[in-house]
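Inspection log for the structure reproduced underneath, given as structure tokens.
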Amino acid sequence: MRIDIVTIFPEFFSVLDVSLLGKARQAGRIHLGVHDLRDYTYDRHRTVDDTPYGGGAGMVMRPEPWGEAIDSILYAGEARGVADPVVLFPSPAGELFTQALARELSVEPALVFGCGRYEGIDQRVVDYAASRARVRLVSLGDYVLNGGEVAAMAMIEAIGRLIPGVIGNPASLLEESHEDGLLEYPSYTKPAEWRGLAVPPVLLSGNHAAIAAWRREQQIERTRRVRPDLLSSE
């Protein structure tokens, strides 16, 4: 998979050099391009924002550098044979990012993340990008961040770990929270007793059917207690 990121803080994404995603990059499973939006400006101040039309607080990101950045990335993608990437704009006004969406995006050949700042990106940038590629506004949840970088990083990790070969044991992905609509069951390891707290006896029993039933019960109970909204469709 090819992932391109447009941001005014390219150093933020240095974290992608470490851990499993860093290894995936080294192995060639993920190809990353981080683009500084200010490199697509032409004034000596490298301006990327201006006051909003219609008034109001804050600043809005100008369309000109965004257009240059998007054109450059999309033209490069076309040269590599990818003519229809998915362009993702992290936004509190977007659709909710879910595990299902992460899995859907994990099979795409190319993703482009546009990380806005201030009061957001001029809407014409989104409209223009939609004329050239598939565009989705995506939100991590019902709250507001200072910019799109944190959201993009979370999405990249959620998507990237689903790419075949990134996680050493693919079976571990099947029992995680949200994979089957429920939260994950609690996990335990050695020692069997720690500071007066014991591992549930069923996990030490060797009875795999009983263990599976216990884990399923724990999933349902935890989901009912913490995220009852996930059970509303049952």
Side-chain angles (χ1 to χ4, degrees), residues 2-17 21 32-77 85-102 104-105 108 110-160 178 226-227 229-230:
R2 170 77 187 190
I3 298 176
D4 287 283
I5 305 164
V6 183
T7 173
I8 60 172
F9 296 115
E11 64 276 11
F12 182 94
F13 294 94
S14 61
V15 70
L16 290 172
D17 289 326
L21 293 187
L32 181 69
V34 182
H35 311 267
D36 188 342
L37 182 66
R38 297 189 190 278
D39 289 343
Y40 299 92
T41 60
Y42 296 97
D43 66 301
R44 63 190 182 95
H45 298 295
R46 306 180 79 198
T47 306
V48 297
D49 63 314
D50 210 329
T51 55
Y53 278 124
M59 304 289 277
V60 176
M61 301 193 90
R62 295 175 62 98
E64 300 98 330
W66 276 102
E68 296 276 349
I70 289 170
D71 284 345
S72 175
I73 293 168
L74 295 185
Y75 285 139
V86 179
V87 181
L88 299 161
F89 291 100
S91 168
E95 63 182 298
L96 184 64
F97 184 75
T98 63
Q99 185 70 12
L101 180 53
E104 177 185 338
L105 294 172
E108 292 287 346
L111 303 175
V112 180
F113 287 86
C115 300
R117 280 270 157 177
Y118 316 121
E119 295 303 309
I121 305 170
D122 188 303
Q123 177 62 35
R124 291 170 293 180
V125 173
V126 178
D127 297 340
Y128 172 73
S131 72
R132 300 203 52 201
R134 291 171 289 157
V135 168
R136 300 179 81 155
L137 272 65
V138 186
S139 172
L140 285 187
D142 296 334
Y143 49 87
V144 179
L145 301 170
N146 286 333
E149 287 79 11
V150 169
M153 186 63 247
M155 294 179 200
I156 290 168
E157 177 147 325
I159 295 165
H178 304 294
V226 179
R227 289 290 306 278
D229 55 297
L230 297 177

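Below, each value reflects all heavy atoms present in this structure, side chains not excepted, and no hydrogens, waters or symmetry copies.
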Minimum heavy-atom separation for G114 to I121, with atom names?
O-CD1, 4.3 Å
In chain order, what residues pass the side-chain contact (heavy atoms from CB on, under 4.5 Å) check against A129, with sequence neighbours excluded?
I70, F89, V135
Between L37 and M61, does the side-chain contact (heavy atoms from CB on, under 4.5 Å) criterion hold? Intermediate values first, please.
CA-CA 10 Å; L37 182 66; M61 301 193 90; 3.5 Å; yes
Which pairs of donor and acceptor atoms, one on a side chain in residues 143-155, lie under 3.5 Å apart (sequence neighbours left out)?
from	atom 1	to	atom 2	distance (Å)
E149	OE1	R117	NE	3.0
E149	OE1	R117	NH2	2.9
E149	OE2	T7	OG1	2.6

More than 12 non-hydrogen atoms from neighbouring residues, nucleotides or ligands closer than 6.0 Å to CD on E68, yes or no?
yes
Just checking R46: does its CZ atom have more than 12 heavy atoms from other residues, nucleotides or ligands closer to it than 6.0 angstrom?
yes
Partners meeting side-chain contact (heavy atoms from CB on, under 4.5 Å) with D50 (sequence neighbours left out):
R62
Say you draw a straight line from CH2 of W66 to CZ of R124; how long is it, rounded to the nearest 0.5 Å?
15.0 Å
V125 and P63 have their tightest heavy-atom pair at CG2-CA, 3.6 Å
Would the distance check show the side chain of S14 and the main-chain N or O of E11 forming a donor-acceptor pair, the cut-off being under 3.5 Å?
yes
Once side-chain contact (heavy atoms from CB on, under 4.5 Å) is applied, do any residues pair with D49, and if so which ones, sequence neighbours excluded?
T47, M59, Y118
Minimum heavy-atom distance between T41 and P65, given as atom pair plus value
CG2-CB, 3.8 Å
Drop me the distance from I73's CD1 to R2's CZ, to the nearest 0.5 angstrom.
8.5 Å
Correct closest heavy-atom pair for G56 and P52 would be O-CG, 3.8 Å
Sidechain N-carboxylate O distance under 4.0 Å for R38, D36:
no
Could you check H35 against Y40 for side-chain contact (heavy atoms from CB on, under 4.5 Å), going step by step and ending with a plain yes or no?
CA-CA 9 Å; H35 311 267; Y40 299 92; 3.6 Å; yes
Any residue meeting salt bridge (charged side-chain N to carboxylate O under 4.0 Å, His left out) with D127, in chain and number order, not counting sequence neighbours
none
Compare every heavy atom of A102 with every heavy atom of F97, then report the nearest pair and how far apart it is.
CZ-CB, 3.6 Å
Return each pair, listed once, that meets salt bridge (charged side-chain N to carboxylate O under 4.0 Å, His left out) where at least one residue sits in residues 132-147; pairs must be two or more places apart or across chains.
D71-R132, E78-R132, D84-R134, E95-R136, E104-R136, E108-R134
Apply side-chain contact (heavy atoms from CB on, under 4.5 Å) to L88 and L105, showing your working.
CA-CA 10 Å; L88 299 161; L105 294 172; 4.0 Å; yes
For E119, what residues pass the side-chain contact (heavy atoms from CB on, under 4.5 Å) criterion, not counting sequence neighbours?
V60
Once rounded to the nearest 0.5 Å, what's the spacing between atom CZ of F13 and atom CD1 of I156?
5.5 Å
Just by distance, do the side chain of S91 and the backbone of A93 share a donor-acceptor pair under 3.5 Å?
yes
Of V112, L111, L16, the one forming a side-chain contact (heavy atoms from CB on, under 4.5 Å) with I5 is L16
Report yes if some heavy atom in the side chain of L74 is under 4.5 Å from a heavy atom in the side chain of P85; otherwise report no.
yes
